[in-house]
Amino acid sequence: MSMKKDKLFLTSILILFISFSACDKQEIEGIGPEVSLPPVPNHIKGPFIIEGADILKNGVPISYKGVNAMQSFGLEDPDLMEEWKIEISREFIGNLREQPIFGSPILGRDDKWYHPLQRIVDQNRSKNIITILCPFGWVDNKGQQILFTGLNPSSQPFFEEYKLKMKQLAEHFKDQTDVWIQVWNEPYHWDNQNGYSHELWLNDMKDMVDNLRWVNGFHNIIVVPGNEQGQSENAIISQGKKLTENRFNILFDLHAYEKWLVNTDENQLISRMVKLKDMSLPFIIGEVGVQNVGDVMEVSHFLIAARSVDISVLAWLWNRNAQYNNALLNEDGQPNATEANKYWGETYKKFLKSDN
């Protein structure tokens, strides 16, 4: 080999060595993580776009009032939902693994019938109701259900299977932008135990958001929960900007139970909500109800605060069960409103029909 060829060969080896060293350094130091991010499109398919702290529809800021529903177990009366002026429905998916996306209902391993998500979306859409699809649980091959609430997502043995199924949802609904997909219901311990940190929240949310966004053409809004089983905004305040950087159409979700309703007043709640808005952190109240793990709580001051700040609110739960204090309906389809549940059904029906 000539001296010229020797020099060329050595130079090539040196370049390769420097390149690999640089890659190792980037990986170790976390330099340039944007390389692995899904691309942000030049044009986002509307009409729903997140901009700053706002949800925009056709370029105009908008907020919605709605409910959580369990129509995967059976479709509700759409005319009754229209009568209550429901504008958005967050749909419970309790058996993500087997949940049919389209086609016919199926009998799951837990001996429950599950109706396809597309039929739910179609019926909601017929009444101009936006649909949020949210995974609440996983049913294994033995028929045992694991509820997502309180869990660290990436620690679950089914996490990779979960991501595959969520990608299937994104692929199917990517051209239906009135369908928003939430990544997880109420993650992490209510008191930040079990190895929780805001960095864990950020890493998990990046993983779950990017998993959906890598689906080509999926521009739909992605809903991301807070920490402390969804009740705390602290992770969002601490790490939310890092999540939304170089990502698009992300909407945060907070749940209003004890940490919002007990020992609080209207002004305190307004202050918490305004802080998030001032930081350009867009959010909804994905659940509010009168009871969680303790006694029935007063909720009127919260609804007044949410209305004054113009925040989207969804009640828990659109269900016909007079014995369940959070149910908005009794068995006859009338508001479930008794002294025992602080007249929740009637209170929320009035809120739905009120103007901001």
Side-chain angles (χ1 to χ4, degrees), residues 27 30 33 36-38 68 90-99 110 132-170 180-214 221-245 247 250-260 276 281 283-287 289 292-293 316:
E27 185 176 341
S36 63
L37 289 178
N68 285 262
R90 182 170 174 262
E91 296 290 343
F92 177 99
I93 303 175
N95 180 359
L96 179 65
R97 186 177 69 87
E98 296 183 288
Q99 174 64 55
D110 54 355
I132 300 175
L133 299 176
C134 181
F136 276 68
W138 186 268
V139 174
D140 63 22
N141 285 319
K142 297 180 180 178
Q144 296 298 310
Q145 185 185 51
I146 303 164
L147 291 175
F148 287 179
T149 184
L151 300 182
N152 298 356
S154 57
S155 299
Q156 304 313 306
F158 54 82
F159 189 58
E160 293 305 316
E161 290 182 82
Y162 149 88
K163 289 197 291 184
L164 287 173
K165 184 58 176 279
M166 293 295 283
K167 271 191 169 179
Q168 292 173 18
L169 265 63
W180 306 349
I181 296 183
Q182 182 154 355
V183 295
W184 196 276
N185 177 61
E186 296 184 347
Y188 309 112
H189 190 274
W190 68 272
D191 199 24
N192 292 330
Q193 297 181 27
N194 297 341
Y196 174 77
S197 68
H198 291 337
E199 289 73 24
L200 175 63
W201 177 90
L202 178 61
N203 289 333
D204 282 354
M205 298 307 139
K206 283 181 175 179
D207 193 357
M208 293 188 287
V209 166
D210 292 350
N211 176 62
L212 297 175
R213 205 59 89 191
W214 275 117
I221 288 174
I222 297 176
V223 183
V224 171
N227 61 305
E228 296 182 15
Q229 286 188 284
Q231 289 200 57
S232 174
E233 69 270 39
N234 290 333
I236 297 169
I237 290 171
S238 172
Q239 304 289 342
K241 285 294 187 181
K242 293 180 182 178
L243 178 64
T244 58
E245 185 179 8
R247 294 177 177 86
I250 292 176
L251 178 65
F252 297 108
D253 169 35
L254 294 169
H255 291 184
Y257 294 106
E258 290 86 354
K259 295 174 187 282
W260 289 83
L276 288 164
L281 293 168
F283 72 100
I284 61 172
I285 302 299
E287 288 185 22
N292 189 25
V293 295
W316 184 269

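Remark: Lys259 engages Glu228 in a side-chain hydrogen bond (donor to acceptor under 3.5 Å, both in side chains) (not counting sequence neighbours). Qualifying side-chain hydrogen bond (donor to acceptor under 3.5 Å, both in side chains) partners for Glu287, counting only residues two or more places apart in sequence or in other chains: Arg90, Tyr257. Scored by the side-chain hydrogen bond (donor to acceptor under 3.5 Å, both in side chains) test, Trp316 finds Tyr324 as partners (sequence neighbours excluded). In terms of the ring-ring contact (aromatic ring centres under 6.0 Å, His included) criterion, Trp260 has no residue partners (sequence neighbours excluded).
Closest approach of Met166 and Ile181 over heavy atoms only: CE-CG2, 3.6 Å. The nearest pair of heavy atoms linking Ala170 to Leu212 is CB-CD2, 3.9 Å. Closest non-hydrogen pair, Asn185 versus Cys134, comes out as CB-SG, 3.8 Å. Residues Gln229 and Thr149 share a closest heavy-atom pair of NE2-OG1, 2.7 Å. Between Leu37 and Arg247 the shortest heavy-atom distance is CD2-NH2, 2.9 Å.
In this structure a side-chain-to-backbone donor-acceptor pair under 3.5 Å is missing from Asn211 to Asp207. Not one N or O on the side chain of Trp201 forms a donor-acceptor pair closer than 3.5 Å with the backbone of Gly240. In this structure, Glu258 contributes its side chain and Val293 its backbone to a donor-acceptor pair below 3.5 Å. No side-chain donor-acceptor contact under 3.5 Å links Asn95 to the backbone of Gln145. Counting only distance, with no hydrogens or angles, the side chain of Trp184 and the backbone of Phe148 share a donor-acceptor pair below 3.5 Å. With hydrogens and angles ignored, the 3.5 Å screen pairs no side-chain donor or acceptor of Gln182 with any backbone N or O of Ile132. Remark: the backbone N or O of Asn194 is paired with a side-chain donor or acceptor of Asn152 at under 3.5 angstrom.
Annotation: the span from Phe283 atom CZ to Leu276 atom CG amounts to 5.0 Å, rounded to 0.5 Å. Separation of atoms CG (Leu151) and CG (Asp204) is listed at 11.0 Å; rounding is to 0.5 Å. How far CD1 of Ile285 is from CG of Asp253: 7.5 Å, rounded to the nearest 0.5 Å. Within the model, atoms OH of Tyr196 and CH2 of Trp190 stand 15.0 Å from one another, a figure rounded to the nearest 0.5 Å. Of the inter-residue distances, the one linking Ser154 atom OG with Lys206 atom NZ reads 13.5 Å to the nearest 0.5 angstrom. Taking OG1 of Thr244 as the start and CE of Met205 as the end, the distance is 14.0 Å to the nearest 0.5 Å.
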TODO: Show your working on side chain to side chain contact (heavy atoms under 4.5 Å, CB included) between Trp180 and Leu251 and close with a plain yes or no.
DONE: CA-CA 9 Å; Trp180 306 349; Leu251 178 65; 3.9 Å; yes
Task: Intermediate values then yes/no, side chain to side chain contact (heavy atoms under 4.5 Å, CB included), Gln231 and Asn292 - done: CA-CA 12 Å; Gln231 289 200 57; Asn292 189 25; 3.8 Å; yes
TODO: Decide yes or no on side chain to side chain contact (heavy atoms under 4.5 Å, CB included) for Asp210 and Ser36, but give the supporting numbers first.
DONE: CA-CA 9 Å; Asp210 292 350; Ser36 63; over 6 Å; no
- [ ] Begin with the C-alpha distance, continue with both residues' side-chain angles, and end with the deciding distance and a verdict on side chain to side chain contact (heavy atoms under 4.5 Å, CB included) for Tyr162 and Val183.
- [x] CA-CA 10 Å; Tyr162 149 88; Val183 295; 3.8 Å; yes
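Under the 4.5 Å side-chain criterion, counting only non-hydrogen atoms from C-beta, Phe158 is not in contact with Leu96. Two residues are said to be in side-chain contact when any heavy atoms from C-beta on lie closer than 4.5 Å; Asn192 and Asn234 fail this criterion. Counting heavy atoms from C-beta outward, Leu200 and Tyr188 have side chains that approach closer than 4.5 Å. Between Ile222 and Met208 there is no side-chain heavy-atom pair separated by less than 4.5 Å. Arg97 is not listed as a side-chain neighbour of Lys165, based on a closest heavy-atom distance of 4.5 Å or more.
Applying the salt bridge (Lys or Arg N to Asp or Glu O under 4.0 Å) rule to pairs touching residues 136-162 yields Glu160-Lys163, sequence neighbours excluded. Contacts classified as salt bridge (Lys or Arg N to Asp or Glu O under 4.0 Å) and involving residues 181-194 (residues at least two apart or in different chains) are not found.
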